[in-house]
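Here, residue 1 is the first one in the sequence, and each next residue gets the next number.
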Amino acid sequence: MSQNYDAISHAKDGEIIYEGEGGASLFTEEQEALVVKSWNLMKKNAGELGLNFFLKIFEIAPSAQKMFSFLKDSELPIEKNPKLKPHAKSVFVMTCEAAVQLRKAGKVVIRDSSLKKIGAVHFKYGVVDEHFEVTKYALLETIKEAMGSSMWSTEMKKAWSVAYDQLVAAIKTEMKPSDPQISST
């Protein structure tokens, strides 16, 4: 299924909205319920889960560490780097909160950030489809471990996959060089 990535709206108060073809309509009410329920259970441990999420990414793709300037020249073991956990928590929370609101908003909305900035950073560091796939796998494994076998299901995996794919589609629309005029103002 092809996506139309041309429909981005920039709203007030730091909200970035993706209104791609099909968009949130691909995200069912049942999927939303699974994502909301699991996020509510994970939220209190977002820092640890975010760190585990990033450690999984680096375990699968060790070269990904080179994409993070704060890890490049660090002598510390990666899990002890003081900048990794806050960054990992921020990314994990942003990803999960974008998933939770997807159906209600009818589109991807990212708060407290700029989708243009996220896209430009991903472009700058050469993020490609394979990186998004590794990240998706690490995210799903992190959520699976957090939920345990009693809650994790094929349906929950599908729900988080659909939500993540929508977020990635929105980021990809903005993966281009940053406009020097924008960054200088």
Side-chain angles (χ1 to χ4, degrees), residues 10-18 35-102 105 108-128 130-148 160-161 163-178 182-185:
H10 299 277
K12 297 178 184 176
D13 302 324
E15 288 186 346
I16 307 301
I17 300 169
Y18 167 72
V35 166
V36 169
K37 181 178 182 180
S38 55
W39 174 233
N40 285 336
L41 293 170
M42 293 187 292
K43 205 180 296 187
K44 66 183 178 296
N45 296 322
E48 286 305 313
L49 292 171
L51 181 60
N52 291 344
F53 169 48
F54 266 72
L55 293 175
K56 285 182 190 314
I57 292 170
F58 299 145
E59 180 182 322
I60 298 164
S63 63
Q65 294 177 40
K66 296 176 192 154
M67 299 178 134
F68 299 89
S69 59
F70 58 84
L71 295 176
K72 283 184 183 171
D73 296 320
S74 178
E75 299 291 322
L76 295 170
I78 193 164
E79 66 276 3
K80 302 282 187 204
N81 185 296
K83 294 182 179 179
L84 179 59
K85 188 172 181 179
H87 177 76
K89 178 181 180 181
S90 172
V91 171
F92 186 71
V93 168
M94 184 264 314
T95 301
C96 293
E97 288 186 349
V100 164
Q101 62 67 46
L102 183 60
V108 172
V109 178
I110 299 175
R111 299 184 188 281
D112 302 325
S113 190
S114 160
L115 195 56
K116 274 192 182 305
K117 181 179 176 186
I118 292 168
V121 167
H122 282 76
F123 179 85
K124 176 182 174 184
Y125 288 102
V127 175
V128 294
E130 290 79 9
H131 296 126
F132 286 116
E133 288 303 314
V134 166
T135 302
K136 180 178 181 177
Y137 179 81
L139 176 70
L140 294 174
E141 286 297 304
T142 300
I143 296 168
K144 177 181 178 181
E145 289 172 12
M147 292 297 96
W160 278 102
S161 293
Y164 176 82
D165 290 346
Q166 291 297 310
L167 175 61
V168 168
I171 291 171
K172 285 181 177 181
T173 64
E174 295 297 334
M175 283 183 63
K176 49 195 161 222
S178 59
I182 293 172
S183 58
S184 66
T185 57

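Contact check for F132 versus L167: no side-chain heavy atoms found under the 4.5 Å cut-off. Two residues are said to be in side-chain contact when any heavy atoms from C-beta on lie closer than 4.5 Å; H87 and K89 fail this criterion. A 4.5 Å side-chain heavy-atom check between F68 and K83 finds every atom pair outside the cut-off. Residues E130 and V134 are not in side-chain contact: their nearest non-hydrogen atoms beyond the backbone lie 4.5 Å or more apart.
Between the S90 side chain and the P86 main chain, no donor and acceptor come within less than 3.5 Å of each other. For the pair Y164 (side chain) and L139 (backbone), a donor-acceptor distance under 3.5 Å is absent. Of the possible polar contacts, one joining the Q101 side chain to the A98 backbone as a donor-acceptor pair under 3.5 Å is found.
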Donor-acceptor list for residues 120-127 side chains, cut-off 3.5 Å, not counting sequence neighbours:
residue	atom	partner	partner atom	Å
H122	ND1	I118	O	2.7

Per-pair distances, 0.1 Å, donor-acceptor, side chain in residues 40-67, under 3.5 Å, sequence neighbours excluded:
residue	atom	partner	partner atom	Å
N40	OD1	K43	NZ	3.4
N40	ND2	V36	O	3.3
K44	NZ	L41	O	3.1
E48	OE2	K85	NZ	2.4
N52	ND2	E48	O	3.4
K56	NZ	E145	OE1	3.1
K56	NZ	E145	OE2	2.7

Could you give the side-chain donor-acceptor pairs of residues 69-79 under 3.5 Å, partners two or more places apart or in another chain?
residue	atom	partner	partner atom	Å
S74	OG	L76	N	3.2
S74	OG	N81	ND2	3.4

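Among residues two or more places apart in sequence or in another chain, the side chain to side chain donor-acceptor pair (under 3.5 Å) test is passed with S38 by W160. Remark: K136 engages D165 in a side chain to side chain donor-acceptor pair (under 3.5 Å) (not counting sequence neighbours).
The line from CE of M147 to NZ of K144 is 13.0 Å long, rounded to the nearest 0.5 Å.
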